[in-house]
Amino acid sequence: MKRRKTKLLAVGVAVLFIVLWAILHPKPKSADQLAQSKPSPTPQAAAAIGAPPLTQDQVEKNKAVIKQVENAFATPIAFYGRVIDQNGAPVGAASVGYAPIDNFLASTTRYTGVSDANGYFSIEGVKGVALSVGVGKQGYYAVDDKYDKSPSSAATFAYGMGPDSYRQSPPTKDKPAIFVLHKMGKTEPLVRVEKSTRIPKDGTSVSVDLMNGSLSSDGSFRVEAWTQAPTSGRKFAWRCRVSVPGGGLIERKGEFDFEAPSDGYEESVEITIPQDAEQWTSQQQRNYFVRLQDNRYARVNFRMIAGGNHYFILESFLNPKPGSRNLEFDPSKKVEPTPPPEK
Amino acid sequence: MTRRTFQSLVLMSLFVYESHGQSGVTARNQAGDSSRASDDSDYVEIPPDLGPETYFTITYNAGTPFEGIPDWYDVEEGDGFAKDFKREFTVSFADVEMSFPFAFGLERKEELPPFPSPEFTVEEAEERDSWLGESPSLPYKALYMTERVTDSTVVSVLDKLKSYEVSPANGDDPADIAYRWSLGAVTKLEPVAITTSELFKLPDSEADDDTEYGLIVPFSDGGDYQSSINPESQKPIYNPRLRAVYLHKPKQVKVRLSWEPADALQIWHTPFKARTDGETYYENGQISQGHEFVYKDSDNPIFVEAITSQKSKLKWGIGDSYHAIQIIPVDMAVDANRDGVISFAGEQPPSGSGSIERTTKDKPFRFWVNGDDDSENKDHPGSGSKDSNSNTIVSMRDLEDFARLHLHVGGLHDAIVSGTVSVGLEWKNVTSNAPSIKVFAAASVSGGNGYLNSILDAGHQATGAAATALGTVTNGGSFRFPKTFWEADTLTGKPALSSTNPNRHIIFEGVTKGEGALVLKFWKGTTPIGEGPSINLKLVDVREMYQSSSENVFVAPPDESEQAVIFVHGWNMSPAGSRNFAETMFKRLWHRGFKGRLAYFRWDTDWSDAFDNVPGVGQAAEAYFADYNKSEYEAWVHGGSALASFVAEIPENYTKNIAAHSMGNIVVGSALENGMTVNNYAMMQAAVPASSYDDRTILEQTQPVNHAVSLNFWGQPVPVGSITVWDQSTPDGDTDSATRALAYRGLLQTIAQRCNPISFYLPADNATSYAWEINNGLTKPPGEWSNQYRYVPSNPAGQRLYKEYGGGVRDYSWTSRYESMAFAASSWGKAVGAEPRTEGAIVAAGGVNLGSSSFQLPGEPQNSGFGNQHSGQFNAPIQSLKLFYDELINTLEVGPANP
């Protein structure tokens, strides 16, 4: 009898405990239930638009959100990657940089590593809501991220936050993330010239000597521009012509195209932007291979800025050896520009 | 340069003596021998065997005949003040046709400082107006007559030893204070005298057979030898880069001027003439090689212009006989025309630049005082510490507060390297405050601007010997470069100063405000021997150099180009912090050659220093969620109109270009939406939904991930570490037009009519990719922090976005679309600053990918550009940001940038 009473008492206490717990710790609401609850604006927002202050329930909910964010930034990260070159060959001894996003809006931790002989690298034991990774090596060009999740030299991977159009899903050990570096080819001693100069709007030409960047009337790279004042609104018609007297140019499309073609050159090329162009801009950028009159070759990055101060910028790499079409540049082999002759 | 007066002439012992007929000069030496000059030649040479101690007969006023070397005249104790030691000498001329030179020398037995320089005057029994008198600091004085004297004349030399009292109390021993007069004839007669205030005796290492004296001349800047005319005196104000010399010669003696190398100098002369209409003018003329002077008014100088950078000789002579002085060209230059290249005055400007490096009083070189704190490579706004208080360069970042100054010395190389001649800087003509600069040797051998554009070069400058100041040039003080500055440095590869390496380079920081001319000076020992050119410098508080919406201290420079860049800061910036960002941008654009106006706009963002203390993730997120949306609301409602008003104050003829950072782009968006028009608009890491500008569905993020929420034993939600921000419907995609009218999507689609926006984006940006997206996902409905705001897509049209208060009260009204966007309407896609694909109103082709390897910042993963840095263009040191600021300049079309 006594034992039965004790059991009943224990059960009653347990039930009481459960009931009390259920009252004091309600189950979390679903999203719809959350939406239907009675919140109040933040104190600041309330001041802005006259809403009542937060309820205690909302304060607690907000704390849970913070906890969620903290957990997201504390997500364990294990990352596996591999570096290859443009031909698929592994790149060993590549420097690797890791930047886990482990801090909210403040500077984050940085780590470094190096790829093994087969190009593999990894990092474990760090944490963050995401991980940015970049690779590099002397003798290789970077392949910039085109943000289409194709392999590049740097990318970001989702951990505490879900992947999206930019953040990629985390790789696994069996399927590491692929990074690409473009191996340098045979480089040549080239003359590098960088020139920015104003140009008249009436077609008066400005010529640049690609051997030294000087402006001279018989310079090898000539630019003319015609720019009209806007007739209505902000847009205006403009055009420019780039030409290589006695030689020619051809557009250079590939980022790693370093060999100038042997033919296909035109002495001049025009860029025309009418006022009502669908994608009207006041600037245009083009890359060209150039063949000079004396059969020397160069590649030129040209940018015309028809608005504002009306000027153009060019960066050129000229091979001083006539006939040589290799235009791959190594800064350590840079040829000093030849000063213009004194007049 | 005003005409040099004769008060400080340095006399070359060069005289001509001429006689005709039986006239001549009787000279008697101490032995009583005499000689009579012949009359057959243009000039008479006193026979050398008479020696320098040849004296002319003079009669002492006391009747004591005085011949030979006189005794010392002792000063008695108590003599002193204004004691007149008057001596009279009778000089006998025997019908001398031309001027006969003789020199009075005053020797002091002992050099007893402060023995004052005697003040010579010469009185004559008969008044003649043909004396030239002078009181040089040297112990003799030359006098000569320019008219014929045929009789004897008594010359008194009055020596007034003023301000000196002979007294044992002064430590004087009367026996030591003795002096004597001597009268000497010049034995070695040379044709003509060239006098100038700045001739100095060359150190032995610099003198040669021809030249014993030198003259320091600033390098010509190709300007007129005559700068302007003083309107009061009507006298010329000569180009300070010329040096005036006075050619003294007897009237009918032909003296030929020449110089070598032939292209080294240009000589000018200026006779003063009055025109017939009464207006005065100065006829000028270039003197050609070998020009013979016959008639020369020695009251008017000739001018020496140094054309080439190496030393040369200026010669004057009669027949084959000549005398010469060494001309030493020197120069000093800053980047006065701000084209990135420093050219000395005589150098042709770089092809195409079209402007010469020249400062003037009206157009000084303006630079700011280094009054901020860049320690640890970070800026510390509000810090009381000033970098210029330190004697070292405090960090690489500090280097952006330095400008370059180049020196050229065309001669005296051995003397300078040995320390016999010292070179330094002084202020003169200070017109305001007391300017001062601190100078450092440039680590770059070429004196280039690598310290601003290269991490490697900056490292060399900011560490080691180059990081320690050589000294400070204060107003009223005198700074001299240490000897080591001119010596070779094997560590840096800097060669010693020489004819093949005549240039030296320094960088300097402003220490105190002020305006004046900084002059290059030369000394031999303690004696000044010459001055080079001066540079007009104006040192100001950096706040005077850019316009601000919150204070009015800006002073537009006279040569400001008609372009404005208006900087709009982002969220959570204190007033000091946002001003610091503006100043940083100003300095970096300035160094890249931007010559327009930087205008900084301050708007009323919430801000907290919580983030400065690197709080934990939770604290930071909480602070962000509490403030961010409200600040966005403020930006929409008030920021835009205030910005538009500020932009309207920029001069109308200026191009107006915006550079906005982060939430500053909300401010700009609001202003544009309400009609503001600008030329170009750089959207830097813009915290604005991309859908505002580009309504294409491709921008909708549709990659939901199951948001796993487990319950713990107590029923509390325990997230598994994954935040999902793209898994919910948003008003951007709503089919109800009333709902869409409260959403971001398409709001700013048409702003391209009023500006040319270009996005500087960074998909890995810590702020616009993570914090912004988390805020967008969690603080707006149906996010869990959405408080009273609701978005229920299944509700009837017009009732999907609303506010819900206690008691089930629902409010469907909004003060504005801005309120709904800021608090309720989440975006269906990324912020512009994190979205590489934004088009629509934004020129996609011109977008700048800050994640490109080209923009690599130190410390970020390889080839990731800015990495995760939301504010790299402000926080990273300038050396890694040349490409960024060039891109900004080109985007805003205010270039071209400097090389």
Side-chain angles (χ1 to χ4, degrees), chain A residues 25 27-28 31 35 38-42 44-45 48-49 51-52 58 61-62 64-66 68-73 75 95 97-99 101 104-106 108 110 129 132-136 142 144-145 147 153-154 156 160-166 196-197 214-215 281 283 305 307-309 311, chain B residues 351-352 611 614 617-618 620-622 624 626-627 630 633 655 701 703 705 714-715 717 719 721-726 753 756 763-764 766-767 770-771 774 778 782 784-785 787-788 790 805-806 815 819 823 836 843 845-846 851-853 859 861-864 867-868 890 893-897 899:
Chain A
H25 298 282
K27 284 185 181 175
K38 297 172 184 177
S40 295
T42 62
Q44 295 84 350
I49 52 177
Q58 190 53 50
K61 194 173 298 179
N62 290 350
V65 168
I66 296 303
Q68 185 185 3
V69 172
E70 286 178 334
N71 288 342
F73 276 78
T75 302
S95 305
Y98 306 94
I101 309 300
F104 190 96
L105 206 61
T108 59
R110 301 283 186 268
V129 79
S132 292
V133 182
V135 301
D144 281 341
D145 195 344
Y147 307 119
S153 303
T156 297
M161 270 172 82
D164 60 18
S165 63
Y166 170 63
S196 301
T197 187
S214 67
L215 299 177
T281 65
Q283 305 187 19
I305 295 174
N309 284 347
Y311 55 101
Chain B
S351 178
F611 296 100
V614 194
V617 167
E622 188 167 5
Y624 190 99
D627 279 343
K630 177 183 173 282
Y633 180 66
T655 63
Q701 295 289 334
Q703 206 165 3
V705 169
W714 309 108
S722 182
I723 294 177
T724 306
V725 296
W726 304 126
Q753 296 166 7
N756 185 28
N766 196 350
Y770 304 104
I774 292 172
L778 297 185
E784 290 164 28
W785 187 296
N787 299 326
Q788 85 276 24
R790 302 282 178 270
Y805 305 125
T815 59
E819 183 194 357
F823 298 110
V843 181
S852 163
S853 53
Q862 282 74 354
N863 296 317
S864 65
N868 306 128
N890 293 329
E893 300 179 333
V894 294

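Here is the naming used below: chain letters follow the sequence lines, and residue numbers restart at 1 for every chain.
- Considering CG of B:Asn868 and CZ of A:Arg110, their distance stands at 5.0 Å, rounded to 0.5 Å.
- With a threshold of 4.5 angstrom between heavy atoms, A:Asp144 approaches chain B through side-chain atoms but not through N, CA, C or O.
- For A:Val133, the part lying under 4.5 angstrom from a heavy atom of chain B is the backbone only.
- With contacts defined as side-chain heavy-atom distances shorter than 4.5 Å, the pair B:Ile774/A:Phe73 qualifies.
- Once rounded to the nearest 0.5 Å, the distance linking CD1 of B:Ile723 with OG1 of A:Thr75 reads 8.0 Å.
- The main-chain N or O of A:Ala154 is never found under 3.5 Å from a side-chain atom of B:Asn863 such that the two would form a donor-acceptor pair.
- Without hydrogens or angle criteria, B:Glu784 side chain to A:Lys61 main chain gives no donor-acceptor distance under 3.5 Å.
- For a residue to count as touching a neighbouring chain, one of its non-hydrogen atoms must lie under 4.5 Å from one of that chain's; by this rule B:Pro899 does not touch chain A.
- Heavy-atom distances place the side chain of A:Thr156, and not its backbone, under 4.5 Å from chain B.
- Heavy-atom distances place the backbone of A:Tyr98, and not its side chain, under 4.5 Å from chain B.
- Side chain to side chain, A:Thr108 and B:Asn766 fail the donor-acceptor criterion of an N or O pair below 3.5 Å.
- Interface residue B:Ser864: backbone and side-chain heavy atoms are both found under 4.5 Å from chain A.
- In this structure, CG in A:Asp164 is found 6.5 Å from CH2 in B:Trp726, a value given to the nearest 0.5 Å.
- Ranking B:Ala764, B:Ala897, B:Gly851 against chain A, the residue ahead of the rest is B:Ala764, based on heavy-atom pairs under 4.5 Å.
- For the pair B:Glu893 (side chain) and A:Gly308 (backbone), a donor-acceptor distance under 3.5 Å is present.
- Between B:Gly618 and A:Glu70, the shortest heavy-atom contact is CA-OE2, 3.2 Å.
- Nearest heavy-atom pair, B:Asn787 versus A:Gln58, reported as atom, atom and distance to 0.1 Å: OD1-CG, 3.2 Å.
- For B:Glu622, the parts lying near chain A are the backbone and the side chain together; criterion is any non-hydrogen pair under 4.5 Å.
- Annotation for B:Ser853 and A:Ala142: closest pair OG-CB, 3.5 Å, computed over non-hydrogen atoms.
- Smallest separation of non-hydrogen atoms from A:Ser132 and B:Pro861: O-CG, 4.1 Å.
- Here the shortest heavy-atom pairing between A:Gln283 and B:Asn890 reads NE2-O, 2.7 Å.
- Looking only at side-chain heavy atoms (C-beta outward), B:Val617 and A:Val129 stay at 4.5 Å or farther from each other.
- Minimum interatomic distance between A:Phe104 and B:Ala620 (heavy atoms only, all atoms of both residues): O-CB, 3.6 Å.
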